[in-house]
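What's counted below: heavy atoms across the whole structure, side chains too, no hydrogens, waters or symmetry copies.
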Amino acid sequence: MLCGITAASDVIAAPLLNLSGRIGLLDGASPAGVKVQLGIDVNRDGKLNSFEIATATVGSNGRYTLAYEPDPSVADLKFVQYVVQLLADYQARGFAALLDDGPLPVVLRFDREGYSTVIKRFTTLSDAPSLDVVMQPLAQIQCTTDGCMSTDGEVQISGFPGGTGIARAYAHAYDPETNGGLFPGTFTDNGTNLLISSGFTEVDLRDENGNKIHALSSPVSVRFEAKKSSWASLRDLDPNSGKIEVPMYSFDEDSGQWVSESPGVLQDSAGEDIAEDQFAAIHAGNYTGSVFVSFQTAHFSSFNCDAPISRRACIKGRLVVHGHAVAGARVSVDGVSYTGTAGSVITGTDGTFASDLMKSELTGEDVDGNGRPGETFSARISASATIGVYLGDAFDTPTVQGSISVGAASGCQPAACDCIDLGDIEATFEPARACTVTVQATYSGVNIIGSEGPLMPGDAIAGAKLTGSLSGQVAPQIDPTLCQGVPCGSATADASGIATFIVPVIGKTPKIELRAHYSTTVDGETHYYDGSLVVDACARATASVDAGTPSVNDAGADAGVDAPVAISLEAQHAGLGSLSDFIASLGAGPAVPSGGGGPNIPSVSAPKIKKPSCGCRTVGFSSDDPQSNSAHWALAALALAAFARRKRPTG
């Protein structure tokens, strides 16, 4: 016994949440070393504190497991009291005790230098959720005397101050229609608005030790390309300013939420502001030329050009297979006529879920502010589980306003939410199937910047890294056995610029995003060739893009092997110099503010708890003088002892 309290040996220590899954790198590299961070808003204060975070490192097999147990030794006294009560409730009622205030809020983060940082924010009604993730390579940022840009030309940065400590940098501009699965968090902001993204970008700056640099001493100019497919969702904040000002957000990696920033402006490929009288042409998709979102920032993570929507609807339902509830499925309601989702929930034993979504407009109503009142929007339910993926049919969203947000951090219990009830949804789950893709990379002849490279227009790009991934849909479970010896998701082009690989797909008419990257150094100058393309892939009845068509590969044709025609993928060229040399040439510069380097992890301001001498006089508790109250410290000691034998996260 400890001060009249049950001893640690009498307490059953168990993780509150066990999470597992698999990680894949799209370029086929080993996922060993990917850092995984699990954050659980246990006390539901809307932020992640140090004592609500667990970490692990992924092994070479790509699997990870994380077991979360709150650690009072790094928390304040108030949290210790909370943990003691939580333990008592947990032992009495199990995981259900954590759900009294709604589904449990979770933020899961995957990080590795040179790859997209994947951050998923969801809620769970299950104590053992599973989540698989594919991480996409980022383009390197390199420089010229006029500034720096990603090698694919889609992200440009100028105005770096000296003394930044930057040694390496990466970036990518994403199309929310084709890369929605890489959108950090959810398509909502910290004010619970829905977000209709017109494009987002990630800028990843690293020091020589590989630590992330989040802040610079002064703002820099950042531009990223907004893809034509998303122009219709752009909004002009001030129609009478002479330029097109657009709403901007940055992603707070601590809370896992989008936060409003100062507006950006639309610019052309030359970096000039686009005149406001061109906005109608952009909105209609008739503008000739590229459109870039330009903004100023002194801190770096992911940035998003959005149209916030305050009014929305909500639905709820129960996912079943042959009438039986599906537990442990990750369910989301995804836009079909609009881009985005308000988040996802891991179903509990009853299979119920609830979600916000776009509200269809009544006559004369313009919810999304696009100038077209009375629109009907469509969405669909999707779910991912160990048994496969379910993609529901599109349906019209409700015209009745509603939301699952009822004041709690994670909203209402799904079955009790005041939302349109869809009832039981009979789901048909399908496993991922193999789609064989053959791609030929050639040089388009377009030179973005720098001197001409070694290739002539139309030349095959031998040695190009070719990758393919499912576009615009729920990512299937990663299953290496699906590829059966053929390169999975990625391959290197042969002397003819051709490569064949397998892409796991799902759905009736999948789309695949194909990318090519190649770099070479000639006479001390580095040349980069990058290109991308989205193609309709394998329908359910076919196993390749164009099955039965003779291959362009002579060896295959001579052998009488039917194979798909190679998809032509043209890449553009950029001649760029070293970023580290460019940064060094700027000189020392002003001092970088504190927090400029290292991982963006909340600091711990509260002291660690120390157990004072215990007089064992009383078991009561008084908050009048907690520092001298021995029973209070006994409770703290009990909490510490209860977790002394806790399991450690493993990779």
Side-chain angles (χ1 to χ4, degrees), residues 139 141 146-150 152-159 171-180 183-184 187 189 193-203 219-251 258-309 338-340 366 368-372 446 448-449 532 572 574:
I141 290 181
D146 298 324
C148 304
M149 62 182 283
S150 59
D152 56 16
E154 296 180 350
V155 182
Q156 302 170 9
I157 305 177
S158 60
H172 191 69
Y174 297 102
D175 180 354
E177 183 173 313
T178 58
N179 301 124
F183 192 80
F187 286 82
D189 65 11
N193 294 304
L194 292 179
L195 298 178
I196 306 301
S197 176
S198 301
F200 61 102
T201 185
E202 178 180 357
V203 180
V220 299
S221 297
V222 179
R223 291 162 25 93
F224 69 91
E225 186 174 1
K227 306 300 183 181
K228 189 172 183 178
S229 60
S230 297
W231 287 0
S233 62
L234 288 165
R235 298 291 179 268
D236 186 2
L237 293 176
D238 186 355
N240 301 307
S241 66
K243 54 187 176 182
I244 306 170
E245 296 172 312
V246 292
M248 294 299 302
Y249 285 79
S250 66
F251 192 72
W258 290 97
V259 180
S260 180
E261 294 277 353
S262 298
V265 297
L266 297 188
Q267 295 183 341
D268 59 22
S269 57
E272 300 294 330
D273 291 352
I274 299 176
E276 198 163 34
D277 59 10
Q278 295 296 309
F279 184 62
I282 294 173
H283 218 227
N286 299 324
Y287 180 78
T288 57
S290 300
V291 174
F292 283 80
V293 176
S294 177
F295 60 96
Q296 297 274 319
T297 184
H299 67 94
F300 288 89
S301 60
S302 292
F303 299 90
N304 185 17
C305 178
D306 275 300
I309 310 295
Y338 64 96
T339 301
D366 189 10
D368 60 349
N370 66 353
R372 297 192 294 270
V446 175
I448 304 174
I449 195 169
S532 63
Q572 55 192 14

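- For the side chain to side chain contact (heavy atoms under 4.5 Å, CB included) with I244, the lone residue among D273, V293, D277, L266 that qualifies is L266.
- Scanning both residues, A173 and E225, for their nearest heavy atoms gives CB-O, 4.0 Å.
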Under the side-chain contact (heavy atoms from CB on, under 4.5 Å) rule, what do L234 and F279 come out as? Steps first, then yes or no, please. CA-CA 9 Å; L234 288 165; F279 184 62; 4.1 Å; yes
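- Remark: T201 engages no residue in a side chain to side chain donor-acceptor pair (under 3.5 Å) (not counting sequence neighbours).
- The disulfide bond (SG atoms under 2.5 Å apart) search around C148 returns C143, not counting sequence neighbours.
- Side-chain atoms of W258 never come within 3.5 Å of backbone atoms of F187 as a donor-acceptor pair (strictly under, hydrogens ignored).
- Taking all atoms of both residues into account, the shortest heavy-atom contact from R223 to S269 is NH2-O, 3.4 Å.
- If you look at F200 and F183, their ring centroids are closer than 6.0 Å.
- Atom-to-atom distance recorded for K228:NZ and N286:CG is 7.0 Å, nearest 0.5 angstrom.
- Residues passing the side chain to side chain donor-acceptor pair (under 3.5 Å) test with N193 are D189, sequence neighbours excluded.
- Shown here are the side-chain contact (heavy atoms from CB on, under 4.5 Å) partners of Q572, two or more places apart in sequence or in another chain: S444, V446, I448.
- How far NZ of K243 is from CD1 of I274: 13.0 Å, rounded to the nearest 0.5 Å.
- Side-chain contact between T339 and S233 is absent, with no heavy-atom pair separated by less than 4.5 Å.
- The ring-ring contact (aromatic ring centres under 6.0 Å, His included) search around Y338 returns none, not counting sequence neighbours.
- Of all heavy-atom pairs between A171 and I141, the closest is CB-CD1, 3.7 Å.
- Applying the ring-ring contact (aromatic ring centres under 6.0 Å, His included) criterion to F292, with sequence neighbours excluded, gives no partner residue.
- Taking E276 as the reference, nothing meets the salt bridge (charged side-chain N to carboxylate O under 4.0 Å, His left out) condition, with sequence neighbours excluded.
- S294 contributes atom OG, which lies 9.0 Å from atom CE of M248 (distance to the nearest 0.5 angstrom).
- Distance OG/S198 to CG/D175: 10.0 Å, rounded to 0.5 Å.
- S158 is linked by a side-chain contact (heavy atoms from CB on, under 4.5 Å) to S221, counting only residues two or more places apart in sequence or in another chain.
- Checked by atom type and distance alone, the side chain of H172 never pairs as donor or acceptor with a backbone atom of E202 at under 3.5 Å.
- Scanning for salt bridge (charged side-chain N to carboxylate O under 4.0 Å, His left out) contacts around D152 gives R515, with sequence neighbours left out.
- Heavy-atom minimum distance, P308 versus Y249: CB-OH, 3.3 Å.
- Without hydrogens or angle criteria, S302 side chain to F251 main chain gives no donor-acceptor distance under 3.5 Å.
- In this structure E154 satisfies the salt bridge (charged side-chain N to carboxylate O under 4.0 Å, His left out) test together with K227, sequence neighbours excluded.
- Scanning all heavy atoms of the two residues, the minimum distance from R235 to A307 falls at CG-CB, 3.6 Å.
- Expressed to the nearest 0.5 Å, how far CG of D236 lies from CD of E245 amounts to 7.0 Å.
- With sequence neighbours left out, the side chain to side chain donor-acceptor pair (under 3.5 Å) criterion links N370 to D368, E375.
- A search for side chain to side chain donor-acceptor pair (under 3.5 Å) contacts involving T297 returns nothing, not counting sequence neighbours.
- E261 CD to F295 CZ: the interatomic distance, rounded to the nearest 0.5 Å, is 8.5 Å.
- When every heavy atom of V155 is checked against every heavy atom of F224, the shortest pair comes out as CG2-CB, 4.2 Å.
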